[in-house]
Amino acid sequence: MEYEHRDIEQRWQATWEKEGLYRSKVDWSRPKHYALTMLPYPSGDLHMGHWYAMTPSDARARYMRMKGYNVLFPIGFDAFGLPAENAAVQRNIHPAKWTHENIDRMRAQLRSMGAMFDWEREAVSCYPNYYKWTEWFFKKMFEHDIAYRSEAMVNWSPTLQTVLANEQVIDGKDERTGQPVEQRMMEQWFFALTKYADELLSFEDIDWPEPIKTMQINWIGRSEGAEVIFVTEVGDEIVVFTTRPDTLWGATFMVLAPEHPLVDALTTDEQRAAVDEYRKAAAAQSELERMEESREKTGVFTGGYAVNPVNQERIPVWIADYVLLSYGTGAIMAVPAHDERDFEFARQFGLQISPVIQPAGRDELVEPEMTESYVGPGVMVNSGPINGVETTDAKGRANPSVAAAIDWLEEQGAGREAINYRVRDWLISRQRYWGSPIPMIHRSDGGIEAVADGDLPVVLPEDVEFTGRSPLGETESFLETTDSAGRPARRESDTMDTFMCSSWYWFRYLSPDYDEASFDPQEAAYWLPVDVYTGGAEHAVMHLLYARFFVKAMRDMGVFDDTAAVMEQHGRDPDGLFDEPFLLLRNQGQVLGAERIGDTVVIDGDWDQGRLIASSVRVDPEAAPDAGVVVGELWRRTENLLQVKTATELVGVEVAPDAAVEIPTIPGSNDVTQLKHHLEIQRMSKSKGNVVNPDALVQEFGADTVRTHLMFAFEWQKGGPWDERGIAGSRRFIEDVWKLGTALYSTEGVDQAASLALLRTVHQTIAKVDEDLAEFKWNTAVAALMTLRNTMQDALRVGNVSPEAWREAVETLFKLLAPIAPHIAEELWHRLGHEESVHVQAWPEADPEIAAEDVVTMVIQVNGKVRDRLDVPAAISAEDAEAAALAAEKVQSWLKQGEVRKVIARPPKLVNIVVS
RNA sequence: GCCCGGAUGGCGAAACCGGUAGACGCGGCGGACUUAAAAUCCGCUGUCCCCAGGGACGUGCAGGUUCGAGUCCUGCUCCGGGCACCA
């Protein structure tokens with residue numbers, strides 16, 4: 001009987017749908033499990049990344065279901081965003097139409113996965129019944145002073161014609177298009193994310209990957225120190241944040257950001273021209289240009305002075321672009337003796353350097369001899385009240401000198417302990433069309449008010465023109481409105497960052513049609529919080545940070561109060577359940593395209609029968625075309641064979657054993673194997689156009705095979721380049737399962753031992769697969785199933801196990817395979833005569849007694865080296881093991897080499913005999 | 001510069017608490033079947049030495065702890081990622 005994946009998969013998908021197998025309902029009598037996979041953006045087609053992310057999530061959800069949990073595994077679409085608007089501009093398709101068409105196509109593709117999505121809970125963020133609540137959340141935030149409007153320096157993307165959040169700008173470029181952004185002063189809507197900075201730093205009750213936690217911690221960037229007030233000679237106060245208040249006595253000048261508001265007042269007439277010029281130059285530079293510049297310090301003296309509050313010294317105030325307005329207070333006290341940047345600046349402009357730390361175990365610092373700042377530990381000197389206090393490498397109050405300085409400053413009223421964060425409030429306005437409108441009204445008297453609840457949602461007007469700029473600001477019929485008092489007013493024309501929509505979508509899944517609130521407390525009380533969340537790590541400081549912030553804000557705004565009440569009715573303690581959205585997070589890696597171009601290599605050597613025998617291989621990206629016998633791109637390497645693509649042909653090169661290999665980026669002696677790394681580095685670069693289309697693979701091999709292969713071929717958290725040859729092995733496995741499931745099993749003389757041996761493997765496999773699926777180790781789970789396949793094939797060939805044992809093996813195989821390859825498991829399960837779905841069966845339990853080996857291979861080592869192996873009973877005693885080892889034939893000659901000093905017996909696996 | 005993660009065959013990868021390194025698969029080689037090829041089946045496949053029995057070496061590098069180290073400790077190298085004139 002042939003395995004026809006197309007027929008089987010389509011048939012079962014239709015049946016499951018018809019029977020509502022994956023509908024999930026609240027059932028307080030059963031334990032719940034909310035499994036969530038990151039919702040896709042409807043970009044047009046499902047790609048390999050979606051499959052790689054979602055099919056293991058689905059397998060995990062199915063596994064949990066078979067383990068007895070009532071599982072919710074929903075899906076939806078993050079449907080607002082720029083690509084839809086770009087399509088409108090480029091191809092004259094309305095964003096709504098483009099989006100809906102893509103969603104339709106992707107729904108079909110998602111169904112082809114055979115995932116247990118509960119489609120009745122689907123939520124789509126661009127539907128009015130969804131974004132009504134996105135707007136409602138904004139309004140709620142506004143009422144609670146979490147949303148506010150403010151003028152600030154923001155990132156403006158000329159390419160996208162909108163502002164962007166800090167999280168969406170990487171190295172001065174927009175993270176999606178890679179185009180540079182500019183800094184502009186603009187009035188925009190913000191969410192007060194920084195209010196939650198400290199709480200966001202704690203990951204105490206959640207199980208998240210270390211790298212994600214670190215990224216969020218880095219991004220939030222908490223620094224402990226003090227705020228110190230300096231007074232200028234014209235009487236203004238300059239507030240400075242410093243992590244080293246202990247070095248205040250060494251502060252010999254101040255530096256303000258060029259844009260700092262006090263610069264004007266400070267600047268003297270003599271310096272005004274120079275200051276204005278510097279400020280103009282700084283303003284003209286983009287963030288990107290500032291970063292690309294060499295780190296040579298530039299700056300201008302304002303002519304003004306301030307007083308150092310600790311010693312009343314008069315110190316000059318400069319401006320320089322190494323001080324950023326966006327960090328801290330935009331002003332610093334400069335301590336050149338103990339800060340690298342300040343030191344450089346002082347040397348550049350001949351400013352005073354006053355050491356205040358006596359380095360531990362070193363000579364006294366003498367200013368003219370210093371060639372660099374001293375940042376190590378020591379003892380405070382020339383520092384008045386804190387003289388003699390020890391200073392260490394510790395941060396904040398943990399450093400005795402810092403603690404002493406803070407105490408003294410607070411006593412004197414010259415400063416106070418302070419904490420500064422790198423993270424900024426979340427800028428959520430976007431000057432774009434295809435997003436959720438901001439439900440605010442600008443009154444004619446200059447005030448701002450929210451749209452009344454009854455008028456939500458503010459619906460996006462459909463009949464607008466797309467030119468590349470947001471049409472909302474030019475659509476009078478949209479803008480014209482009245483305020484709550486009935487006076488003429490204007491609507492806010494900006495829309496919200498689409499990350500806003502995805503910051504609460506898993507709540508909407510609970511009740512996508514619910515009309516009275518953003519979610520139904522009856523559903524939420526049962527399902528919340530999300531137990532397992534899976535998706536890409538690229539969202540570390542965007543979606544995953546925003547989502548945490550959002551839930552904490554929702555909690556504080558009382559959004560969960562009704563839910564908590566329902567929980568209590570059912571005897572569930574709501575305490576702490578609304579602090580974090582996702583209890584456990586796992587990230588998959590990325591599947592990369594296979595094709596890539598390697599670096600240029602220069603090869604010298606001699607030709608031998610059409611092949612070049614290389615005497616030297618050198619990696620040199622800038623080599624001239626005639627630099628060697630062969631010069632070209634490194635294309636492939638297998639052992640010492642290279643393929644090099646020159647301008648005209650693909651040349652085979654054999655690298656001689658004594659050939660010189662030179663790879664500039666890898667110092668020391670190189671060899672051929674290191675060229676491998678070189679190829680991989682190239683491969684990892686984000687090159688376009690190497691997309692593997694999952695639809696074609698599903699057509700050819702079937703969803704079950706694609707699912708299995710994606711789970712088997714990579715370490716899931718790591719990912720890697722796609723190798724199309726490997727999938728054959730997974731297909732073979734699926735076909736072998738088919739053959740095992742459809743084979744006519746006949747016995748020729750049942751062998752009790754063979755039956756027990758088969759069942760032993762079966763139960764070992766249960767234990768292994770169970771453990772691996774629990775821990776997201778798909779590849780070893782599949783490997784264990786393949787091992788079971790091998791054992792069963794042998795048993796089938798010999799035909800000597802009992803029909804009962806065979807039946808148990810086959811049924812167990814199908815159940816264990818069901819989460820991974822749901823269609824074939826279901827088909828074969830039914831062919832065994834079962835009426836009920838395999839997916840509602842109880843997960844098999846491993847019987848440790850059946851799984852236990854009775855005979856074990858015991859390793860016998862002499863001085864730690866394996867010298868013999870013996871088959872021994874698993875229950876062997878230490879004495880017997882030792883005796884057997886000493887008597888083992890192959891160890892005798894080794895024992896003669898000295899006296900037996902010691903025998904370490906670890907029965908039944910190992911005995912080590914120490915001889916000397 | 002600071003902070004995370006990593007490095008194991010030709011390739012993707014396994015390895016519980018320190019106890020047989022390389023499970024499982026891909027690829028390769030040899031064989032069977034076939035007119036032939038594909039598919040399928042069987043065997044071999046870390047490197048080196050050896051007629052064989054067997055031996056030596058081997059988890060990025062250098063040390064250390066231990067009867068025993070891929071695993072623990074110290075110091076490095078390289079790769080990937082995050083943050084970065086961050087005060």
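Side-chain atoms are counted along with the backbone in the values below, which use heavy atoms only and exclude waters and symmetry mates. Chain letters run A, B, ... following the sequence lines, proteins first, then strands; residues in each count from 1.
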Take atom NE2 of A:H260 and atom C1' of B:rA87, then tell me their distance rounded to the nearest Å. 13 Å
Any strand counts, and the cut-off is 3.5 Å on both contacts for Watson-Crick or G-U wobble. Which nucleotide pairs with B:rG43? B:rC29
Now, which nucleotide makes the Watson-Crick or G-U wobble pair with B:rG9, with each of the two distances under 3.5 Å? none
Measuring to OP1 and OP2 of B:rC67, would you say a side-chain N or O of A:R906 lies under 4.0 angstrom away? no
Identify which nucleotide among B:rC86, B:rU40, B:rA23 has an atom closest to any side-chain atom of A:K739, counting heavy atoms from C-beta outward. B:rU40
Distance check, P atoms only: B:rG22 and B:rC73, in whole angstrom units. 25 Å
Taking a pair to mean Watson-Crick or G-U wobble geometry with both distances below 3.5 Å, B:rC83 pairs with B:rG1
Within 45 degrees of the axis of the six-membered ring of A:F349 and under 6.0 Å from its centre: does A:K297 put its NZ or CZ there? no
In whole Å, measure the gap between the C1' atoms of B:rU47 and B:rU34 for me. 37 Å
Looking only at side-chain atoms of A:R797, point me to the closest of B:rC41, B:rG25, B:rC85. B:rC41
When you measure from the side chain of A:I904, which nucleotide among B:rG19, B:rA14, B:rA87 comes out closest? B:rG19
Decide whether a cation-pi geometry holds between A:R548 and A:F203; the criteria are a distance under 6.0 Å from NZ or CZ to the six-membered ring centre and an angle within 45° of the ring axis. yes
Selection from B:rC26, B:rA87, B:rG19 that lies nearest to any side-chain heavy atom of A:L910: B:rG19
Let's see if you can work this out: which of B:rU20, B:rC83, B:rG19 has an atom nearest to the side-chain heavy atoms of A:R422? B:rC83
Closest to the A:D736 side chain, choosing from B:rG12, B:rA23, B:rC41: B:rC41
Give the nucleotide from the list B:rG19, B:rA14, B:rG55 with an atom nearest to the side chain of A:W894. B:rG55
Kindly say whether, by distance alone, the side chain of A:R725 makes a donor-acceptor pair under 3.5 Å with the base of B:rG27? no
Do A:E735 and A:R732 meet the salt-bridge criterion of a basic N to acidic O distance under 4.0 Å? no
Rounded to the nearest Å, what distance is computed from the NZ atom of residue A:K865 to the P atom of nucleotide B:rG19? 19 Å
Atom CD of A:E775 to atom C1' of B:rA15: distance rounded to whole Å? 14 Å
May I ask you to verify if any side-chain N or O of A:R341 is less than 4.0 angstrom from the OP1 or OP2 atom of B:rC86? yes
Rounding to the closest angstrom, what is the interatomic distance between B:rC72 and B:rC17 at atom P? 10 Å
Nearest whole angstrom, please: distance from the C1' of B:rG22 to the CG of A:N779. 14 Å
Does B:rC16 have its OP1 or OP2 closer than 4.0 Å to a side-chain nitrogen or oxygen of A:K768? no
Does this structure show an ion pair linking A:R760 with A:E853, if we count only N-O contacts that are shorter than 4.0 Å? yes
Any-strand Watson-Crick or G-U partner of B:rG68, both distances under 3.5 Å: none
Options B:rA87, B:rG12, B:rC16, nucleotide nearest the side-chain atoms of A:K909: B:rC16
Think A:S223 has a side-chain N or O under 4.0 angstrom from the OP1 or OP2 of B:rA87? yes
Near RNA chain B, counting only heavy atoms under 4.0 Å, which residues of residues 207-219 of chain A show up? A:E210, A:P211, A:T214, A:M215, A:N218, A:W219
Taking the ring centre of each residue, are A:W722 and A:H709 less than 6.0 Å apart? yes
Taking the P atom of each, how far is B:rG10 from B:rU45, in whole Å? 15 Å
Quick one: look up who B:rC16 pairs with, Watson-Crick or G-U, both distances under 3.5 Å, and put none if it's unpaired. none
Contact nearer the 5' end of RNA chain B, comparing A:D342 with A:V911: A:V911
Within the pair A:K395 and B:rC86, is there a side-chain N or O less than 4.0 Å away from OP1 or OP2? no
Hey, which of these two, A:V866 or A:V541, hits RNA chain B nearer its 5' end, going by closest nucleotide? A:V866
Using the side-chain heavy atoms of A:F714, tell me which of these nucleotides is nearest: B:rG12, B:rA87, B:rC85. B:rG12
Spacing between A:Q764 atom CD and B:rC16 atom P, to the nearest angstrom: 16 Å
Listed nucleotide nearest any side-chain atom of A:K890, set B:rA56, B:rG25, B:rG54: B:rG54
Checking base pairs now: Watson-Crick or wobble, both atom distances under 3.5 Å. What partners B:rG75? B:rC61
Does A:R586 make a cation-pi contact with A:F776 (under 6.0 Å, within 45 degrees of the axis)? yes
With both distances under 3.5 Å as the test, what is the Watson-Crick or G-U wobble partner of B:rA38? none
Euclidean distance, atom CH2 of residue A:W716 to atom C1' of B:rG12 [Å, nearest integer]: 18 Å
When we call it a touch if two heavy atoms are under 4.0 Å apart, what does A:G719 touch: a base, just sugar-phosphate, or nothing? sugar-phosphate
